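See below for the structure under consideration.
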Amino acid sequence: MADPRFFRAVGPFTVAEIAAATGAAIGGAGNAELPLEDVAPLEQAGPQHLSFLANARYGEALGRSQAGAAFVHPAAQGKAPTGMTLLLSDNPYLAFAKAARRFYPPPRAAAGIEAGAFVDPSASLGEDVAIGRNVVVEAGAKIGAFTQIGHNSVIGPGVIIGRDCIIGANVTVSHALIGDRVTLYPGVRVGQDGFGFAPDPRGHVKIPQLGRVMIGDDVEIGANSTIDRGSGPDTVIGAGSMIDNLVQIAHNVVLGRGCVLAAQVGISGSTKLGDFVVLAGQVGLAGHLSIGTGARLGAQSGVMRDIPPGVEFAGTPAVPKRQWLRQHAILGRLANKKDK
Amino acid sequence: MADPRFFRAVGPFTVAEIAAATGAAIGGAGNAELPLEDVAPLEQAGPQHLSFLANARYGEALGRSQAGAAFVHPAAQGKAPTGMTLLLSDNPYLAFAKAARRFYPPPRAAAGIEAGAFVDPSASLGEDVAIGRNVVVEAGAKIGAFTQIGHNSVIGPGVIIGRDCIIGANVTVSHALIGDRVTLYPGVRVGQDGFGFAPDPRGHVKIPQLGRVMIGDDVEIGANSTIDRGSGPDTVIGAGSMIDNLVQIAHNVVLGRGCVLAAQVGISGSTKLGDFVVLAGQVGLAGHLSIGTGARLGAQSGVMRDIPPGVEFAGTPAVPKRQWLRQHAILGRLANKKDK
Amino acid sequence: MADPRFFRAVGPFTVAEIAAATGAAIGGAGNAELPLEDVAPLEQAGPQHLSFLANARYGEALGRSQAGAAFVHPAAQGKAPTGMTLLLSDNPYLAFAKAARRFYPPPRAAAGIEAGAFVDPSASLGEDVAIGRNVVVEAGAKIGAFTQIGHNSVIGPGVIIGRDCIIGANVTVSHALIGDRVTLYPGVRVGQDGFGFAPDPRGHVKIPQLGRVMIGDDVEIGANSTIDRGSGPDTVIGAGSMIDNLVQIAHNVVLGRGCVLAAQVGISGSTKLGDFVVLAGQVGLAGHLSIGTGARLGAQSGVMRDIPPGVEFAGTPAVPKRQWLRQHAILGRLANKKDK
């Protein structure tokens, strides 16, 4: 279904292969040998397609779908048309994500060093690394096996990048140690100086920024986001964290594992996030704060104090989300009264 | 008047030529053969200059101006000094914009492929395309006639770019179909993966993003802005839309025609804007919303619900602008009362 | 202490040399000849290290520190352990910043033009300029002595850059005159068109942007920030201003001397800031405003009116900070009352 100019599904895979790859169980009347050629939404799927029902609310679409096979929650299997092969999973969306990655693995650039690129003789490249055109890999850098570096990117001296990473085009990395399976999208800037200086009316004096950026495994960092290196301590991005576009991470910030930062979030210096913190779009965190594991901040909220674990806050200054909603309800009511 | 190191006016043009190009009428005593060498503001203009009065409030400046000719609204022509040639127009600012573009057409790079650039043999280039240094044009890409690609930019496989486009330096484009007369400013990122994944404590799983970015004719996208490709549906930027710097457009977003997005706006996934929507600076829109044609959102507003056509909203969460102003007035009054 | 893969301290310097370089006085029992090899925080410093106490609150850390020497305020010298050499300064943090820059001067690229770079024959390069790989320096540009241009950056026609500047990788500069000792971090965009057009339902018409960007001495501009050129007047960044990452500066904006703009700030067209204005993260300023010298705006505030000198404002729309705090206190109290 995807535009063949840009995407090509590998496959086909049998239902049995997909079940094995995703941990789903094949439903009673299912055909384990059915070949699946592609993924598709329920409405557009045909007999050669794999689809999914993530939300029981859309059960009707499942009932009308022509999909050959679909991931469904066991509780929803009654809504499927007879003849559809069901792949039963407690988390059909997650299972579908894993299956879709089978059909559409990230494209792999041909191994080798393309014309116009420069790799310093003291840098080391793992097996089957792919270095794009006009890339610069500076002295002492180490690039892990199967990693690809997009055209016109610059990898600074001493930087270490793990294996199976995808570094986009026009990316700049310095002063960083990066894990495995990390994706940096185009235009990402990692490792430049943090914003640290001694203010002075005769001229602010920049403080040398002597830390690094440490990026864990399986991290993604969105286009044109900026991650400054630490001032002495390091800036740390915990494994599995997902960072959207145009996000700013200041020096000495620490993200736990699996954090999710939506676009245009900004985190000020030395603030620390626990694991699985979720920051919605355009959230701003002041410096030197602690944000508890699992905390969730609503879009555009501005945080000036520590946030306990597991809570949902919103607003500027951020308050518990229910209180924020109440505040706005009250304000709306006051504004609608006759002024006096 | 502009620094000749950077700008050179073409011309001169006669008043008659300018009138023909802009649809303005030459006022009664006007000299159609007067040669105009350049544009200038009323205060700085001399007899060889073309100027304009856009706002009747500044009529006095018109009266004192030495400009040889000026666009004015017919209702304001009485404020002009005798001897000035008037170009009468219902929209003097628009007419001036058209005239100024005559004097200062966008600079055109010399056609050809500059040293260090790579164009895949399977890519196709239209007539007089200009490819800057170290540009990469990948397999199957098509670049329309008279389009120019700035230095160090990367055009991904299969991308189609129309004619008379200006792609700035250090730009990255992938998975996109782009119309005619489109401008992408330096550092723009088009077509990278949207921020879509199945959350999971054992590791979020990225969903392959199988859509494209479709950009209509006459669109401008500002420096370092990011436009993610669709997840399956496409991300669409309607013809004639103007997008400022550092704007984030997520997957599956649809902009109608002629939308105006000021700097640092962020639009979350699958939100749809009608035509001529205006978003002021730093506005954030949540996902899956519908914003009506002609709606206007005030700076920094945060939108969590659908917005009807033609209204003006502000605040977070956004409310009608008058209500927002009332809310702030009331809050101010409460804060100024003695606390008790 | 810093990772030797990325940082190497020059030195050692004697206490006397450091005192001379920073204007600090050596305390009574101090050893002027003590050699110092590196800088370190109080807790981690050993006898070969130089440290500092900036905040009297941490006096206890000073008392326990093994540092060979430390900058302290004269009033705090009693808290130091006997045997530590004290460098007395009214502003220990500023003195430490100056000393740390001695140990860690910005790395200097080797002079010359690296492979793959192109310098137009009509461009002029000062003494010992360092031009990185795949850099493009266009016709008529002038680069001052000892300035370095990072890999894959593009310097447009006629641009003037002063001496001792550091231009990062993947930077784009056009239509700009830049002073001495200026740092542009990776991905900065300077000089592209401002966001000026005549709105029209048949198609907005771009107004040629005929001004420049003027950047004073000792300015720093953070990664992926964007500075548009003026529309006719210039965009001006006053000497000594510090600008963080992902900041947007629109056409005709004027910053005074020593302004500090934190990350993701956005300033709309033609707004003028006095000297030493401080804008916290994500602040947005509307267009055509005047912000007084020394004014301070709290994080995320949105400014729609002129701001007098020396005040501290916060909120959207911005009000005096105390009033903003009171408003939020009152709103909190109202929300906590029983609804009725």
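Each chain gets a letter, A, B and so on, in the order the sequences are listed, and its residues count up from 1. Predicted, not measured: the structure shown is a model, and the values here were computed from it.
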Between [X] and chain C, with a heavy-atom cut-off of 4.5 Å, which part of the residue counts as in contact: side chain, backbone, both or neither?
X: A:S301; value: backbone
X: A:S225; value: backbone
X: A:V205; value: both
X: A:V283; value: backbone
X: A:I160; value: side chain
X: A:V173; value: neither

Is there a donor-acceptor pair closer than 3.5 Å between any side-chain N or O of [X] and the backbone N or O of [Y]?
X: A:R326; Y: C:A335; result: yes
X: A:H204; Y: C:S241; result: no
X: C:Q264; Y: A:Q282; result: no
X: A:Q192; Y: C:G222; result: no
X: C:N152; Y: A:N152; result: yes

What's the separation between atom [atom1] in [X] and atom [atom2] in [Y], rounded to the nearest 0.5 Å?
X: A:L210; Y: C:D3; atom1: CG; atom2: CG; answer: 10.5 Å
X: A:N134; Y: C:N134; atom1: CG; atom2: CG; answer: 4.5 Å
X: C:L246; Y: A:Q248; atom1: CG; atom2: CD; answer: 6.0 Å
X: A:R202; Y: C:R257; atom1: CZ; atom2: CZ; answer: 12.0 Å
X: A:D193; Y: C:T183; atom1: CG; atom2: OG1; answer: 8.0 Å

TODO: Report yes if some heavy atom in the side chain of A:I207 is under 4.5 Å from a heavy atom in the side chain of C:R101; otherwise report no.
DONE: no
Task: A:L331 side chain near C:L334 side chain, heavy-atom distance below 4.5 Å - done: no
- [ ] Identify which part of C:Q44 has an atom lying under 4.5 Å from any heavy atom of chain A, answering side chain, backbone, both or neither.
- [x] neither
Task: Part of C:V278 within contact of chain A (heavy atom distance under 4.5 Å) - done: neither
Open item on the list: With chain A as the partner, which of C:W324, C:F103, C:F96 has the greatest number of non-hydrogen pairs under 4.5 Å?
Closed with: C:W324
TODO: Heavy-atom pairs under 4.5 Å with chain A are the metric here; pick the option from C:G281, C:A223, C:G240 that has the most.
DONE: C:A223
Open item on the list: C:D218: which residues meet the side-chain hydrogen bond (donor to acceptor under 3.5 Å, both in side chains) condition with it, sequence neighbours left out?
Closed with: C:R181
Task: With C:D164 via side-chain hydrogen bond (donor to acceptor under 3.5 Å, both in side chains) - residues at least two apart - done: none
TODO: Classify the ring geometry between C:F7 and A:H175 as parallel (under 30°), tilted (30 to 60°) or perpendicular (over 60°).
DONE: parallel
Which heavy atom of [X] sits nearest to which heavy atom of [Y], and what is that distance?
X: A:A198; Y: C:A97; answer: CB-CB, 3.9 Å
X: C:F6; Y: A:A176; answer: CZ-N, 3.6 Å
X: A:F197; Y: C:Y93; answer: O-CE2, 3.8 Å
X: C:N224; Y: A:N224; answer: ND2-O, 3.0 Å
X: C:Q300; Y: A:T316; answer: OE1-OG1, 2.7 Å
X: A:P201; Y: C:F276; answer: O-CZ, 3.3 Å

Task: Most contacts with chain C, counted as non-hydrogen pairs under 4.5 angstrom, among A:R189, A:R322, A:M304, A:R212 - done: A:R189
- [ ] Against chain C, work out which of A:G211, A:S268, A:A286 has the most heavy-atom pairs shorter than 4.5 Å and name it.
- [x] A:G211
TODO: Not counting sequence neighbours, which residues clear ring pair (Phe, Tyr, Trp, His ring centres under 6.0 Å) with C:Y185? List them please.
DONE: none
TODO: Taking heavy atoms only and a threshold strictly under 4.5 Å, list by residue number the residues of residues 116-126 of chain A that touch chain C; give 'none' if the list is empty.
DONE: A:G116, A:F118
Open item on the list: Please tell me whether C:H328 and A:Q327 have a donor and an acceptor in their side chains that are separated by less than 3.5 angstrom.
Closed with: no
Task: Short side-chain donor-acceptor distance under 3.5 Å, C:N170 and A:T172 - done: yes
Open item on the list: As a quick check of understanding, evaluate side-chain hydrogen bond (donor to acceptor under 3.5 Å, both in side chains) for C:N245 and A:D228, giving each step before the final call.
Closed with: CA-CA 9 Å; C:N245 298 340; A:D228 286 349; 2.8 Å; yes
